[in-house]
Protein chains: 2
Amino acid sequence: MAKASATRMKDRSGPPSAGPAVSRQPNRRADILAEAARLFAARGYDATSMRDIAAATGMLPGSLYYHFASKEELFAELHDRAVAAIDRAVDSALDGKTGAWTRLEAALAAHLAGLLENGNALAIMAPDFPDDRGDLNARLIARRRAYEDRFRDLIADLGLPETIDERLFRLMLMGAVNWSPVWYRTDGAYDPAAIAGAFIGILRMGFDPGTVSK
Amino acid sequence: MAKASATRMKDRSGPPSAGPAVSRQPNRRADILAEAARLFAARGYDATSMRDIAAATGMLPGSLYYHFASKEELFAELHDRAVAAIDRAVDSALDGKTGAWTRLEAALAAHLAGLLENGNALAIMAPDFPDDRGDLNARLIARRRAYEDRFRDLIADLGLPETIDERLFRLMLMGAVNWSPVWYRTDGAYDPAAIAGAFIGILRMGFDPGTVSK
DNA sequence: CAGATTACCAAACGATCGTTTGTTATGCTA
DNA sequence: TAGCATAACAAACGATCGTTTGGTAATCTG
């Protein structure tokens, strides 16, 4: 895997701080991102070639390199966008909600719904990359870590008894949810909210007795 | 990906039903399996080439095809062996144990220990293959499904209240455990038994009150 | 209207992939 | 000892991969 020479590549992401942005074919870059997201989610990173993405976008393979310096760069941007989108979804799910357990459940449901969006974003959020591919992997992990800190706070608010290891509590809950896309079926009996509700219900039973149903 | 022509390939797996098995270089096939398992676990399926496996085994790439019809076949056998090994580990962990919660915890600890064995068997057990690659994926999923049924029974023995969906209970618990290899560090504070104990402890608190410690 | 920039096409490059083919020692068996 | 299956080597095949290079219309800017 050759180191991508970033010459001639202008960073077209970032905020459109000044000027009316570009005007010619204003949306091809967004098209690429959308098609790449769909393909990565459906087939995984390795099984999706730049030629596939180009064909789905109606371009030639080399043309992608005008917008993105490399395949890894393209994927990393998708990853960042997915994390940011889920982060915002959690924000709005939390908006106005009160009660530590209710807030945790709402955040969890938004998190899961975000994971399942666009087919299946698991392939984008999950640690698809074993250990290898150092730079990219480190970047993705850091992004996710920052996001998952939100749940550390939400769990701290629960006021769990001291005998409970809050870190393991969080890892258990997040693991259960992050694994859900593996068995989730869109035609199944549960939707994201129901799954989050059931998980929280099971846990809540032990720590917050007297609350059988909502 | 050309359809592998299985001509000239004798199935060298299966039970050594009759005769003293092969006798000449009796162990090269096992070497291949061992090295392939190590490489797949470390780098993943796609990032591990047949040339890598051959080099690690001290053979030439083509020689692998005397023992295995294809790369997928090699992986599938590894997957089956991993599932079988964990199945046996759960067997022996359960041996002599009584009490529904204790048995579930023991099975869970053995399951997690098995996942973490050999570096990280996650790459072997996990749904590495997105949706594509039909034949192989179907086979792997079927093997895992049969194995995971064990936990359905263990959970049924708990006698959970009727308000609890046992399926979601199982999916939650298995998801939490199956996700653990993602964050598990061998130099960390927890070993598989501690993790299983903590997870069960959190759940048990709600359904089996009065049991603070073991 | 001249020049620069944008957004692409067309075509290829070198590397690597899974796999196949033909051959060759080696040991078992009759 | 002849014949045969075993277990590998040696070398290549065709395909596909990420990426690069050079050119070219279209658009924006001065």
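All figures in this text were calculated on a predicted structure; none of them were measured in a lab. Values below: all heavy atoms of this structure, side chains included; hydrogens, waters and symmetry mates excluded.
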First encountered from the 5' end of DNA chain C, between Ile32(A) and Met50(B): Ile32(A)
4.5 Å side-chain heavy-atom contact, Tyr65(B) and Met50(B): yes
Nearest-angstrom distance from the residue atom OH of Tyr65(A) to P of dG22(D): 18 Å
Arg29(B) CZ - dA8(D) P separation (whole Å): 11 Å
Lys/Arg-Asp/Glu bridge criterion (N-O < 4.0 Å) met for Arg152(A), Glu148(A): no
Any Tyr66(A) side-chain N or O less than 4.0 Å from OP1/OP2 of dA7(C): yes
Whole-Å distance separating the CD1 atom of Ile53(A) from the C1' atom of dT16(D): 15 Å
His111(B)/Tyr147(B) aromatic ring centres below 6.0 Å: yes
Phosphate-side-chain proximity, Ser49(B) and dT16(C), N/O vs OP1/OP2 below 4.0 Å: no
Beyond-backbone contact of Val177(B) with Trp179(A), side-chain heavy atoms, under 4.5 angstrom: no
N/O (side chain, His67(B)) to phosphate O (OP1/OP2, dT6(D)) under 4.0 Å: no
Where Arg38(B) and Ala56(B) come nearest, the two heavy atoms and their spacing: NH2-CB, 4.0 Å
Sugar-phosphate only, base, or nothing, as touched by Thr57(A) at under 4.0 Å among non-hydrogen atoms: nothing
Interatomic distance where CZ belongs to Phe68(B) and C1' belongs to dA8(D) [whole Å]: 15 Å
Verdict with supporting geometry, Tyr45(A) and Asp46(B), side chain to side chain donor-acceptor pair (under 3.5 Å): CA-CA 10 Å; Tyr45(A) 182 83; Asp46(B) 286 313; over 6 Å; no
Atom-to-atom span, CG of Leu64(B) to C1' of dA8(D) - whole angstrom: 11 Å
Length of the NZ-C1' vector between Lys71(A) and dT19(D), whole Å: 12 Å
For nucleotides 9-13 of chain C, give me every protein contact, N/O to N/O, under 3.5 Å, one pair per line with atom names.
| from | atom 1 | to | atom 2 | distance (Å) |
| --- | --- | --- | --- | --- |
| dC9(C) | OP2 | Leu60(A) | N | 3.0 |
| dC9(C) | OP2 | Ser63(A) | OG | 2.8 |

Ser92(A) vs Asp95(A), side chain to side chain donor-acceptor pair (under 3.5 Å): CA-CA, chis, key distance, verdict: CA-CA 5 Å; Ser92(A) 72; Asp95(A) 187 64; over 6 Å; no
